[in-house]
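The next block holds one structure in the form of structure tokens; read it before the comments.
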Amino acid sequence: MYFVYEPGWMGLFQWAIIAGFCISFLLSFGMGANDCANAWGTSVGSGVLRLWQAYMLSSIFDTLGAALLGYQVTETIRKGIFEVGIYDVYSNQNATYNTYDLVENCTEAFVDCTTYTSAEFMLGELGALTGAAAWLIMASVTKMPVSATQSVVGSSIGFSLVLKGTAGIRWIKIVDIVVSWVASPLLAGLCASVFYLIIKFAVMRRPDPFEAALKAVPVFVWFTLAVNLFSVFFEGSKYLHFDKIPWWGALLISNGIGLIVALLIRFVFGDWMRRRALRLYDEEIEKEKANSSGAGIASAANYSKEKQAISIIGISNHGVKGSKDIDKEANEVNDAYLKKKEEGNLTKFLRLIVAPVREDPRAIKVFYFLQILSATFLSFSHGANDTANSVGPLVGMWLAFKTGSASTDASDRADMQYFMLFGAASMVIGLWCLGHRVIRTIGHEITEVTAPSGFAVELGAAFTVLVASKIGIPVSTTHCAVGAVVFVGLTRSSMEGVSWSKFRSIVVAWVVTLPVSAAISALVAYLLVHFILGTV
């Protein structure tokens, strides 16, 4: 394809922009099918929400997260992986012959010289979108919760390596991103474990866990809302003028709203929550009795109650501990603790931390509301971070098409909001179509999840993702969610409480994500540039 870099040359590549939107839709679709599901896997797995309810809430809060916070990570994906300037070309107008010639650089010697981002960049980004989309959809079909962030970063590296070699690649920034992929699941896991230990000692180890849970709900609601709202208002959306709110203003607003809602729950909706939890508990007992038959009625009901009270970690058909095993272990550990009066206070405290705890079935019902709140928090964080991954390459292509330069400052462009909404809508469609496959993996196949542990998992993962979104680091929601699930599983019981075979297969999928997506992207970019432009 022969063309000249003259004003309006970008119109020749309108087909690439259309293809970019189509493939970006597929990429966002794959993210919805894979990454959106991470936020709701524990809620569905613990029985707090039905699948269609999770879909509805995700549609709302993923879109809000993308619209309010997504722009910061978009800039990292668009310009942080490599120097966009390495794709610049310089076109000088020859006034004598009214022609346009490429020169080495725009200097004072060239009066009518214009800098453009080359067509190679647009075709390369098209290859990046293709590589990431292909891998994500394959992973979703095989029920593997891989990282969309890894896919997009790997694809961006892949096409740049094949077109420009190592020139311009920001290796230090890439190392920072890769380190965050390792650190984020550890940080999310530690946060989730701390939250679960707070629940364990503040609620489940109290003489009356049910009453303790009712008193703890307003505190957890205040904390969750305050953190979430602070991230929205502090250095928030320029389009809504949140960026003009000072830090102390954001702190006052977020804590004020959180405190008001917490007080309403404590003094207005407290009785309703009590009645609702007891009703859910009674309905579950009645349902268990109805499902029992013959001579096994009593034993089945008792086993079911026992299972609810102990809330095992792990699923028996995956070869992890059953509820009776953990019941026996809990009694043995607690008895051993009580008998060892000669041990120091630190040793006793450590024994209490690692000892399995009976999760009161009525207290579990109280946490249903909290787990829904934390899941929406994680969904909001996912929209803020991961939507940028799907639209980042597309934004680069669009700016090159509309302005001639992919380096154009996009922070004040109104059309950027439309890109974020496009990515969010595409993710929602993917979630509704294929999300149930990954939800089963997160919510059932790694470790069994109850409402209290699910709340801790989602809060820990959301907190980590939200902090990363605010500082513009594209972390993986998948890594954070899986890390939190595993750490809470270990905190609740022991090594046997986690299905390590399932976890191992997930880690393998993580490891191969970056090279596979990079290879697909490099191949597609090479074929496009070779057969269309003929420059490689």
Side-chain angles (χ1 to χ4, degrees), residues 1-28 66-67 70-93 100 102-103 106 112-130 132-133 152 155-156 159-160 163-164 168 237-240 387-426 472 521 524-525 528-529 532-533 535:
M1 177 182 180
Y2 177 78
F3 69 98
V4 177
Y5 285 99
E6 58 184 359
W9 68 269
M10 299 85 72
L12 298 172
F13 292 89
Q14 185 175 6
W15 64 269
I17 298 300
I18 296 173
F21 271 96
C22 294
I23 298 174
S24 181
F25 169 80
L26 292 177
L27 174 57
S28 299
Y71 63 92
Q72 291 178 319
V73 179
T74 299
E75 290 299 290
T76 301
I77 293 295
R78 182 167 69 93
K79 298 190 294 186
I81 308 301
F82 54 82
E83 294 277 357
V84 178
I86 63 176
Y87 291 94
D88 286 348
V89 293
Y90 307 96
S91 178
N92 182 60
Q93 182 181 14
Y100 293 85
L102 292 180
V103 296
C106 286
D112 297 315
C113 185
T114 305
T115 302
Y116 295 110
T117 299
S118 68
E120 286 184 347
F121 174 82
M122 284 197 283
L123 298 184
E125 290 284 32
L126 189 60
L129 288 170
T130 304
V152 175
S155 296
S156 298
F159 92 78
S160 194
L163 296 183
K164 296 294 183 179
S237 173
K238 296 180 180 179
Y239 309 104
L240 299 176
T387 306
N389 298 326
S390 62
V391 301
L394 182 62
V395 167
M397 293 178 64
W398 176 257
L399 292 176
F401 176 72
K402 294 295 288 185
T403 69
S405 174
S407 300
T408 302
D409 182 16
S411 60
D412 296 323
R413 291 180 62 94
D415 53 0
M416 291 302 100
Q417 284 294 88
Y418 296 114
F419 279 93
M420 301 308 298
L421 293 175
F422 168 76
S426 304
S521 170
V524 174
L528 287 172
V529 173
I532 295 175
L533 300 180
T535 56

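Start at 1 with the first residue, then count along the sequence. Keep in mind that the numbers below use all heavy atoms, side chains included, and drop hydrogens, waters and symmetry copies.
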Before you tell me yes or no, could you show the steps for Ser24 and Phe422 under side-chain contact (heavy atoms from CB on, under 4.5 Å), namely the whole-Å CA-CA distance, both residues' side-chain angles and the distance that decides it to 0.1 Å? CA-CA 9 Å; Ser24 181; Phe422 168 76; 3.8 Å; yes
Take Leu27 and Val152, measure what side-chain contact (heavy atoms from CB on, under 4.5 Å) needs, and give me the verdict at the end. CA-CA 9 Å; Leu27 174 57; Val152 175; 4.1 Å; yes
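No hydrogens or angles considered: nothing links the side chains of Tyr5 and Ser118 as a donor-acceptor pair under 3.5 Å.
Between Phe159 and Leu126 the shortest side-chain heavy-atom distance does not fall below 4.5 Å. Contact check for Thr114 versus Gln93: no side-chain heavy atoms found under the 4.5 Å cut-off. Residues Phe21 and Leu394 meet the side-chain proximity criterion, which asks for heavy atoms closer than 4.5 Å. Counting heavy atoms from C-beta on, the side chains of Trp9 and Tyr100 never come closer than 4.5 Å. No side-chain heavy atom of Thr115 sits less than 4.5 Å from a side-chain heavy atom of Ser405. In this structure the side chain of Leu399 reaches within 4.5 angstrom of the side chain of Val395, judged on heavy atoms.
In terms of heavy atoms, Phe13 sits closest to Met122 at CB-CE, 3.8 Å. Scanning both residues, Phe121 and Ala406, for their nearest heavy atoms gives CE2-CB, 3.4 Å. Of all heavy-atom pairs between Val89 and Leu102, the closest is CB-CD2, 4.2 Å. Contact record, Ser91 with Tyr116: CB-CE1, 3.9 Å, taken as the closest heavy-atom pair. Residues Thr117 and Ser407 come closest through the heavy atom pair OG1-N, 4.4 Å. Nearest approach of Thr403 to Met10, heavy atoms of both residues: C-CE, 4.4 Å.
In Tyr418, the OH atom is not crowded: 12 or fewer heavy atoms of neighbouring residues, nucleotides or ligands sit closer than 6.0 Å.
For the atom pair OG1 of Thr535 and CG of Leu163, the computed distance is 7.5 Å after rounding to the nearest 0.5 Å. Of the inter-residue distances, the one linking Tyr90 atom OH with Cys113 atom SG reads 8.5 Å to the nearest 0.5 angstrom. Leu528 contributes atom CG, which lies 12.5 Å from atom CD of Glu125 (distance to the nearest 0.5 angstrom).
Formation of a donor-acceptor pair under 3.5 Å by the Ser156 side chain with backbone atoms of Ile81 is not found in this model.
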